Enquirer: 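The structure is given below, and queries will be raised subsequently.
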Amino acid sequence: MKSAHIPLLFASLASAHSAVSSVIFDGTRYPARDARMDRDFNARRIEWNFKDMNGFPWLAVNDVQDPAITCGLSPTPPELTAVARAGSEVTVQWSGIIQMHYGPVLTYLGKWEPGMTPQEVNFFKIKGNGFDTAQKKWANEELIDTHTADTMKIPSDIPPGTYILRTELLALHGNTLSSTPVAGGGPQFYTHCFNVNITSNGTATPSPTVRFPGGYKREDPGVAYAPMRNRNTWSEYIVPGPAVYKGVYGTPVGERKVVELKDTGAFPPEVEKEYEQFKKDNDAWAAKTHTWFNKIDPHGNGGADAPKSDAEPAAQFIAEHLKEGEALKVRQKELKAKMVKLGIANP
Ligand SMILES: *[C@@H]1O[C@H](CO)[C@@H](O)[C@H](O)[C@H]1NC(C)=O
Ligand SMILES: *[C@@H]1O[C@H](CO)[C@@H](O)[C@H](O)[C@H]1NC(C)=O
């Protein structure tokens with residue numbers, strides 16, 4: 001196989017990847033927006049709405065100057081807001097994490113008032129892992145080890161109010177896949193934004209803060225770094241953006257608020273079950289692409305090396321994969337029909 005064909009082929013098969021499936025704020029799980037069908041279903045979520053880029057729901061932003069780096073393309077506020085006590089834990093549940101998408105995983109908070117655009121928000125960092133020298137793993141690889149769950153604490157000293165939690169996975173493998181430029185190269189920013197009402201008696205002014213775009217420069221070492229070309233310097237990798245807010249990360253005060261299921265954005269239980277199973281199967285289907293791709297391009301260099309001996313031939317893999325994809329589409333249609341009937345989806 002000619003190496004130049006691989007990125008194109010991969011793009012055509014790309015499905016849910018580097019996506020967030022849910023966020024647990026202060027013990028309550030809130031479903032994330034699922035770009036492949038939530039718009040269609042008229043789902044109410046805590047995640048900001050965004051538009052598909054070039055028709056793909058999960059396309060990464062490649063340029064730090066792109067306004068879509070903040071909260072996706074043409075973001076609009078979410079219908080719901082999570083609640084959390086300052087000092088409580090938050091877990092971002094990612095899905096479709098690809099091992100060769102080497103890079104950092106970062107999370108920011110920023111105070112938001114109705115009417116503000118995400119670009120006007122001053123964000124401070126609450127977590128930012130790059131390359132773990134002890135584990136010899138990138139933050140995205142560590143996500144795979146923790147069943148793609150990223151847990152951190154909300155500072156206990158920040159003032160009350162509505163905040164945007166902005167989480168970001170920065171995949172660096174495209175910075176130089178091979179010695180020649182490839183289509184779709186460059187850094188890949190996968191960002192997701194969620195609204196959360198934080199209760200607190202805090203009065204601190206968190207710093208340092210940044211805005212997006214603006215928080216990163218194209219030439220930042222943590223943005224321009226090419227892990228495929230610098231395998232012996234991974235331990236020197238510098239995470240981009242400001243330092244993590246030092247602040248106080250104490251225990252939460254007061255009772256945890258119990259949130260009704262409908263206020264989390266989840267569908268009625270029996271529909272939610274079917275919807276979650278569908279997403280799981282869809283993600284498993286997508287993961288097969290990644291497994292296969294890792295076999296035909298084992299060293300992430302655009303296929304310059306020989307594929308692994310047990311790699312399924314491309315024609316065979318694609319035919320089977322498309323057939324399974326069609327079956328999933330039929331299931332999605334059936335699920336939608338059910339939801340329309342219940343009055344929770346747009347016809
Ligand atoms: C956040 O929650 C508190 C406690 O329920 C409430 O008093 C406050 O009005 C809420 N703030 C916003 C901005 O929604
Ligand atoms: C705020 O302070 C009051 C009075 O000291 C206390 O009763 C309350 O639990 C505190 N709330 C939070 C969220 O820290």
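Fair warning: this is a prediction, and the values are worked out from it, not measured in the lab. Just so you know, these numbers use all the heavy atoms, side chains as well, and skip hydrogens, waters and symmetry mates. For ligands, and for the atoms within them, numbers begin at 1 and follow the listed sequence. Residue numbers start at 1 and run along the sequence shown.
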Enquirer: Identify, with sequence neighbours excluded, every residue that meets side chain to side chain contact (heavy atoms under 4.5 Å, CB included) alongside Glu326.
Expert: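 Counting only residues at least two positions away or on another chain, Glu326 forms a side chain to side chain contact (heavy atoms under 4.5 Å, CB included) with Lys329.
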
Enquirer: Does Arg44 count as lying over the ring of Tyr30, i.e. NZ or CZ under 6.0 Å from the six-ring centre, within 45 degrees of the axis?
Expert: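 No, Arg44 does not lie over the aromatic ring of Tyr30.
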
Enquirer: Which N/O atoms of ligand 1 sit under 3.5 Å from a protein N/O, and at what distances?
Expert:
| from | atom 1 | to | atom 2 | distance (Å) |
| --- | --- | --- | --- | --- |
| ligand 1 | 2 (O) | Asn197 | ND2 | 2.4 |
| ligand 1 | 11 (N) | Asn197 | ND2 | 2.9 |
| ligand 1 | 14 (O) | Asn197 | ND2 | 3.2 |

Enquirer: List for me each residue that meets salt bridge (Lys or Arg N to Asp or Glu O under 4.0 Å) alongside Glu320, sequence neighbours excluded, and say none if there are none.
Expert: none

Enquirer: Just jot down the side chain to side chain contact (heavy atoms under 4.5 Å, CB included) partners of Lys246, sequence neighbours excluded, or say none.
Expert: none

Enquirer: Side chains of Asp157 and Tyr245 only: does a donor on one sit below 3.5 Å from an acceptor on the other?
Expert: yes

Enquirer: If you take the centroid of each ring, where Trp contributes its six-membered ring, are Trp234 and Tyr102 closer together than 6.0 Å?
Expert: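 Close enough - the centres of the two rings lie under 6.0 Å apart.
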
